[in-house]
Asks: 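Sharing a structure here in structure tokens format.
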Amino acid sequence: MTDKEKLKIYEQDGIVGAYYALNRKLNEITTMLNKTDLSQIELSDKNDGTMERVMKFFNSVGDINDVMKKLKLDNALTGDEEKDKARTKPLIEQLVR
């Protein structure tokens, strides 16, 4: 990795990237949950941890949602990834960082 490439990574807004990465992960979790037929999970086999794993995904949805809400509100994100990534920070914010 060149110095220019490294510098570009540090110049990116990590908050914006984190918000949209979490959104993609939430969509992946939703897809996995939609593919899971709960009526097909074997509840009588105590060694089968499928239900526990599914429940962890259910629980993580709320946690991810809370973090995403906070990131969106605190950073005035629009929901438009291209627009948010293209937005430049005011000079004072850049200097504070």
Side-chain angles (χ1 to χ4, degrees):
M1 182 177 280
T2 68
D3 288 341
K4 276 189 174 185
E5 291 170 330
K6 289 178 187 176
L7 185 58
K8 185 168 176 76
I9 290 171
Y10 289 112
E11 289 174 343
Q12 294 174 355
D13 191 335
I15 297 296
V16 173
Y19 175 82
Y20 289 103
L22 284 170
N23 188 52
R24 284 187 284 278
K25 293 304 164 196
L26 196 53
N27 285 321
E28 290 172 11
I29 290 170
T30 301
T31 299
M32 285 179 40
L33 290 173
N34 283 334
K35 287 181 181 178
T36 304
D37 183 351
L38 297 178
S39 68
Q40 299 300 312
I41 295 175
E42 184 58 53
L43 298 176
S44 62
D45 182 0
K46 65 179 180 178
N47 294 322
D48 183 359
T50 304
M51 189 61 167
E52 288 78 12
R53 289 190 298 274
V54 168
M55 293 308 297
K56 284 183 183 182
F57 279 121
F58 277 134
N59 293 333
S60 70
V61 168
D63 295 337
I64 293 170
N65 182 57
D66 292 344
V67 171
M68 287 181 66
K69 275 190 214 174
K70 181 162 179 44
L71 289 174
K72 187 172 186 177
L73 291 174
D74 290 354
N75 297 283
L77 299 177
T78 64
D80 182 338
E81 185 171 6
E82 307 277 323
K83 184 177 174 183
D84 289 337
K85 285 186 174 182
R87 182 177 60 182
T88 58
K89 299 270 186 198
L91 178 60
I92 190 68
E93 276 189 50
Q94 292 178 20
L95 294 174
V96 170
R97 281 186 170 206

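Hydrogens, waters and symmetry mates are skipped; everything else that's a heavy atom, side chains included, is used. Residue numbers count from 1 along this sequence. What you are looking at is a predicted structure, and each value in this text was computed from that prediction instead of being measured.
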Asks: Would a hydrophobic clustering, with Ile, Leu, Val, Met, Phe, Trp and Tyr connected at side-chain separations under 4.5 Å, put Leu43 with Met55?
Replies: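 Yes, because Leu43 and Met55 connect within a single hydrophobic cluster, where side-chain heavy atoms sit under 4.5 Å apart.
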Asks: Atom CZ in Phe57, atom CD in Glu28: separation rounded to 0.5 Å?
Replies: 9.5 Å
Asks: Spell out, yes or no, whether Leu38 and Val61 are grouped together once hydrophobic residues are joined by side-chain heavy atoms under 4.5 Å, including indirect joins.
Replies: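 Leu38 clusters together with Val61.
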Asks: Among Thr31, Thr30, Asp37, which residue meets the side chain to side chain contact (heavy atoms under 4.5 Å, CB included) test with Asn34?
Replies: Thr30
Asks: Is there a side-chain contact between Arg53 and Met32 (heavy atoms, below 4.5 Å)?
Replies: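 Contact flag for Arg53/Met32 side chains = no.
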Asks: Evaluate side chain to side chain contact (heavy atoms under 4.5 Å, CB included) for Leu33 paired with Ile29, printing each intermediate quantity in order.
Replies: CA-CA 6 Å; Leu33 290 173; Ile29 290 170; 3.8 Å; yes
Asks: Between Asn75 and Leu77, is there a donor-acceptor pair closer than 3.5 Å when you use the side chain of the first and the backbone of the second?
Replies: no
Asks: List for me each residue that meets side chain to side chain donor-acceptor pair (under 3.5 Å) alongside Asn65, sequence neighbours excluded, and say none if there are none.
Replies: none
Asks: When you compare the side chain of Val67 with that of Asp63, does any pair of heavy atoms fall below 4.5 Å?
Replies: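 Result no, sub-4.5 Å side-chain heavy-atom pair not found.
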Asks: Please report the interatomic distance CG(Asn27) to CG(Asn23), rounded to the nearest 0.5 Å.
Replies: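 Rounded to the nearest 0.5 Å, the CG-CG separation comes out at 5.0 Å.
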Asks: To the nearest 0.5 Å, what is the distance between CD1 (Ile15) and CG (Asp74)?
Replies: 8.5 Å
Asks: Quiz question: by atom type and distance under 3.5 Å, do the side chains of Tyr19 and Asp84 form a donor-acceptor pair?
Replies: no
Asks: Enter the distance from Leu71:CG to Asp66:CG here, rounded to the nearest 0.5 Å.
Replies: 11.0 Å
